[in-house]
Trainee: 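Quick one: this structure, given as structure tokens, is what I'll be asking you about.
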Amino acid sequence: GISDLLAYYQIPVAGKHVVIIGRSMIVGKPISLLMSAQNATVSLCHSQTQNLKELTRNADILIVAIGKAKFITKDYINPAKHTVIIDVGMNFDGSARCGDVDFENVSPIAEAITPVPGGVGPLTILSLAKNLIKACEGIS
């Protein structure tokens, strides 16, 4: 879903610094391999990363899947960098759903940002269906 999103909006990946926060087998590790295969320079970060703010402030593309509501604040973003932010998180902040990025405060300084809810989640389901159809077509 993330790769399709970047391709649809014609956001180049090759030669870009992609910072991924979260090293899960579901999001972080697979997307790091996909971005690397598209010739991006990838930094895969996690809860023990020492210089996280420095890395995120230098990111061209920031993919966040850390599982902490509104963890990424505007302090993590360099407005001059024109960062594209993809928020994969799904959390609850009180009674409302929210992502891992503080959307309200970060969106004015990002080049582009995905909302939560309604951002990457539906694309993930669509990509799963698309890949299932491809797999079934290959079986016949």
Trainee: Going by atom types alone, do Asn91 and Asp100 pair a side-chain donor with an acceptor below 3.5 Å?
Mentor: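 Judged by distance alone, the side chains do pair up.
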Trainee: If two hydrophobic side chains count as joined below 4.5 Å and joins carry through other members, does Leu5 share a cluster with Ile113?
Mentor: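 Looking at the clustering, Ile113 is in a separate group from Leu5.
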Trainee: Can we say Lys70 and Asp93 salt-bridge, meaning some charged N sits less than 4.0 Å from an Asp/Glu carboxylate O?
Mentor: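 Answer for the salt bridge query: yes.
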Trainee: Under a single-linkage definition using a 4.5 Å side-chain heavy-atom cutoff for Ile, Leu, Val, Met, Phe, Trp and Tyr, are Ile31 and Phe71 assigned to the same hydrophobic cluster?
Mentor: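 Not linked; separate clusters.
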Trainee: Quick check: do His17 and Ser43 have side-chain heavy atoms less than 4.5 Å from each other?
Mentor: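 Side chain of His17 against side chain of Ser43, heavy atoms only: contact under 4.5 Å found.
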Trainee: Are Val27 and Met25 linked, directly or through other ILVMFWY residues, by side chains that come within less than 4.5 angstrom of each other?
Mentor: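 No, Val27 does not connect to Met25 through the hydrophobic network.
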Trainee: Minimum heavy-atom separation for Pro122 and Gly118, please, with both atom names.
Mentor: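 Answer, listing the atom of Pro122 first, then Gly118: CD-C, 4.1 Å.
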Trainee: Counting C-beta onward and ignoring hydrogens, is there a side-chain heavy-atom pair between Cys45 and Val19 closer than 4.5 Å?
Mentor: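 Yes - at least one pair of side-chain heavy atoms lies under 4.5 Å apart.
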Trainee: Are any non-hydrogen side-chain atoms of Met35 and Ser3 less than 4.5 angstrom apart?
Mentor: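 Yes. Closest side-chain heavy atoms under 4.5 Å.
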Trainee: Measure the spacing between CG of Leu55 and OH of Tyr76 and express it to the nearest 0.5 Å.
Mentor: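 One gets 11.5 Å once the value is rounded to the nearest 0.5 Å.
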Trainee: Under a 4.5 Å side-chain heavy-atom rule over Ile, Leu, Val, Met, Phe, Trp and Tyr, are Val120 and Met90 clustered together?
Mentor: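 No, Val120 and Met90 fall in different hydrophobic clusters.
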Trainee: Is it true that, when you exclude Ile26 itself, more than 12 heavy atoms of the residues, nucleotides or ligands shown sit nearer than 6.0 Å to its CD1?
Mentor: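 No.
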Trainee: Under a 4.5 Å cut-off applied to non-hydrogen side-chain atoms, are Phe92 and Cys98 in contact?
Mentor: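 No, every pair of side-chain atoms sits at 4.5 Å or beyond.
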Trainee: State plainly whether the residues Lys81 and Asp60 are in salt-bridge range, i.e. N to O under 4.0 Å.
Mentor: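 Looking at Asp60 together with Lys81, the answer is yes, because their closest N to O distance falls below 4.0 Å.
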Trainee: Judged by atom type as modelled, is there a donor-acceptor pair below 3.5 Å linking the side chain of Ser107 to the main-chain atoms of Phe103?
Mentor: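 Yes: the side chain of Ser107 pairs with the backbone of Phe103.
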Trainee: Step by step, would you call Ile20 with Val18 a side-chain contact (heavy atoms from CB on, under 4.5 Å)?
Mentor: CA-CA 6 Å; Ile20 302 165; Val18 177; 4.0 Å; yes
Trainee: Looking at Ile77, is its backbone amide N or carbonyl O close enough to the side chain of Arg57 to form a donor-acceptor pair, meaning the two atoms are under 3.5 Å apart?
Mentor: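 Yes, the answer is positive, given that a donor and an acceptor are paired below the 3.5 Å cut-off.
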Trainee: Determine whether a donor-acceptor pair (N or O, by modelled atom type, separation under 3.5 Å) exists between the side chain of Thr49 and the backbone of Leu52.
Mentor: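 No.
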Trainee: Between Asn105 and Thr73, is any pair of side-chain heavy atoms under 4.5 Å apart?
Mentor: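 No; the side chains remain at least 4.5 Å from each other.
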Trainee: Knowing that exactly one of Thr83, Asp75, Leu62, Ile85 qualifies, which makes a side chain to side chain contact (heavy atoms under 4.5 Å, CB included) with Val106?
Mentor: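 So, applying the side chain to side chain contact (heavy atoms under 4.5 Å, CB included) to Val106 and each of Thr83, Asp75, Leu62, Ile85, only Ile85 qualifies.
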Trainee: Evaluate whether atom NZ of Lys68 has more than 12 neighbouring non-hydrogen atoms of other residues, nucleotides or ligands under 6.0 angstrom away.
Mentor: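 Atom NZ in Lys68 is not crowded, with 12 or fewer foreign heavy atoms closer than 6.0 Å.
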Trainee: Report yes if the side chains of Ile2 and Ile63 come closer than 4.5 Å at any heavy-atom pair, otherwise no.
Mentor: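 Yes; the side chains approach each other to less than 4.5 Å.
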Trainee: Please check: side-chain N/O of Ser127 versus main-chain N/O of Thr124, any donor-acceptor pairing under 3.5 Å?
Mentor: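 No.
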Trainee: Do Val88 and Val64 have side chains that get closer than 4.5 Å, going by heavy atoms?
Mentor: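 Sidechains of Val64 and Val88: no contact.
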Trainee: Between Asp4 and Lys130, is there a side-chain N and carboxylate O pair less than 4.0 Å apart?
Mentor: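 Salt bridge: yes.
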Trainee: Linking I/L/V/M/F/W/Y whenever any side-chain heavy atoms sit under 4.5 Å apart, do Ile66 and Val116 land together?
Mentor: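 No: no chain of side-chain contacts under 4.5 Å links Ile66 to Val116.
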Trainee: If you measure from NZ on Lys53 to CD1 on Ile72, what distance do you get to the nearest 0.5 Å?
Mentor: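 One finds 9.5 Å between NZ of Lys53 and CD1 of Ile72.
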Trainee: Nearest 0.5 Å, what's the CD1-OG distance between Ile21 and Ser47?
Mentor: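 One gets 11.5 Å once the value is rounded to the nearest 0.5 Å.
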Trainee: Do the side chains of Lys29 and Leu44 get nearer than 4.5 Å, heavy atoms only?
Mentor: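 In short, these two side chains touch, coming nearer than 4.5 Å.
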Trainee: Indicate yes or no for a side-chain donor-acceptor contact from Thr114 to the backbone of Asp87 under 3.5 Å, with no hydrogens or angles considered.
Mentor: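 The answer is yes, because a donor-acceptor pair under 3.5 Å joins these two groups.
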Trainee: Hey, what do you get for CD1 (Ile61) to CD (Glu111), rounding to the nearest 0.5 Å?
Mentor: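 Atom-to-atom, Ile61:CD1 and Glu111:CD are 11.0 Å apart.
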